[in-house]
Amino acid sequence: MKRGPYFLVPLGASPLKGELLEEMKLTFLGTGTSVGVPVIGCQCEVCRSHDPRDQRLRASVLLELNGRNILIDASTDFRQQALRYGINHIHAIILTHAHADHIFGLDEMRIYNYLQGGVIPCYGNRTTINSLREMFKYIFAAPPDSKGIPRITTHIVEGRFELFGQEVIPVEVHHGELKILGYRVGSLAYIADCSHLEEDSLRLLQGLDLFILGTLRYKPHPTHFSLSQALEVVARVRPRRAYLTHLSHDFGYNKVSRELPPGVHLAYDGLELVSD
Ligand SMILES: [Zn+2]
Ligand SMILES: [Zn+2]
Ligand SMILES: [Zn+2]
């Protein structure tokens with residue numbers, strides 16, 4: 001089934017007849033690394049490519065779960081993403097960490113406060129929430145009746161938690177020196193920035209239908225997986241399918257797609273995956 005230039009990919013087995021299961025839809029709002037692709041000032045083949053799958057906004061996904069919109073990371077490009085994909089509600093935000101490319105869209109939540117009323121809960125580990133409160137002082141240090149600023153409540157993730165009737169499992173990952181979070185929701189897991197996964201975290205990723213993993217480039221990098229490292233992790237996790245995201249201009253969609261093992265794909269902006 002096609003929608004616009006993008007494909008709707010079924011995720012998981014069809015429900016048994018008569019079995020009522022909730023649908024979970026994931027949309028890649030952005031699949032680019034922190035500077036996006038094309039990179040400002042770069043004339044490389046990928047940055048000049050006209051293939052929309054080579055044009056990457058900053059990394060973020062929207063999870064539609066039981067009729068609620070959960071935003072995983074609020075990217076620098078969030079406004080553009082919200083307009084492009086018609087996101088008219090945000091019911092909760094889950095943050096992987098507080099690097100600029102993952103949180104600088106937070107100011108755009110103002111419009112959702114206006115559209116839907118109420119505050120928007122925002123989840124992250126203690127370091128992330130502390131950084132957020134520091135970096136967005138104008139939001140969090142403002143008097144409660146302030147106008148013109150996003151109304152967001154912060155929630156520190158210290159273990160599994162429930163969101164709209166679904167358990168969310170935080171998965172701790174190393175991002176260089178930082179310990180940040182990926183998240184598992186049902187049989188789907190999203191890990192954006194990562195350079196190492198410990199055994200305990202790998203255990204939480206067993207039995208996945210869909211595994212999304214950040215992969216920066218061919219060469220090793222101190223804070224992100226290279227392609228060969230990411231493929232090693234995928235081989236250990238053994239999901240039914242894996243999608244690589246947070247991609248740099250090293251990766252031309254067509255070229256890299258031909259190099260990937262079966263079941264592993266490059267994600268691209270606008271790709272939708274559906275789980276029954
Ligand atoms: Zn990042
Ligand atoms: Zn380039
Ligand atoms: Zn980062």
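Counting starts at 1 for both ligands and their atoms, following the listed order. Both backbone and side-chain heavy atoms feed into the values below; hydrogens, waters and symmetry mates do not.
- Nearest N/O/S atom of H99 with respect to the Zn ion (ligand 3) is recorded as ND1.
- The angle that C44 SG and C47 SG make at the Zn ion (ligand 2), rounded to 10°, works out to 110°.
- Between H265 and Y243, the ring planes lie parallel to each other; the angle is under 30°, not in the 30° to 60° tilted range.
- The aromatic rings of H97 and H102 are tilted relative to each other, their planes meeting at an angle between 30° and 60°.
- Sorting the N, O or S atoms of D193 by how far they are from the Zn ion (ligand 3) puts OD2 first.
- In summary, R79 and D77 do not engage in a salt bridge, as defined by a charged side-chain N under 4.0 Å from a carboxylate O.
- Of the charged side-chain nitrogens involved, none lies within less than 4.0 Å of a carboxylate oxygen, so that R236 and E232 do not count as a salt-bridged pair.
- Using cut-offs of 30° and 60° for the angle between ring planes, the H89 and H91 rings count as parallel.
- Contact annotation: H97 places no N, O or S atom under 2.8 Å from the Zn ion (ligand 1).
- Distances from the Zn ion (ligand 2) to the N/O/S atoms of H249 are shortest for ND1.
- Among H246, H224, H175, the single residue meeting the ring-ring contact (aromatic ring centres under 6.0 Å, His included) criterion with H99 is H175.
- The closest approach of D101 to the Zn ion (ligand 1), by N/O/S atoms, is made by OD2.
- Residue H102: an N/O/S atom is found under 2.8 Å from the Zn ion (ligand 1).
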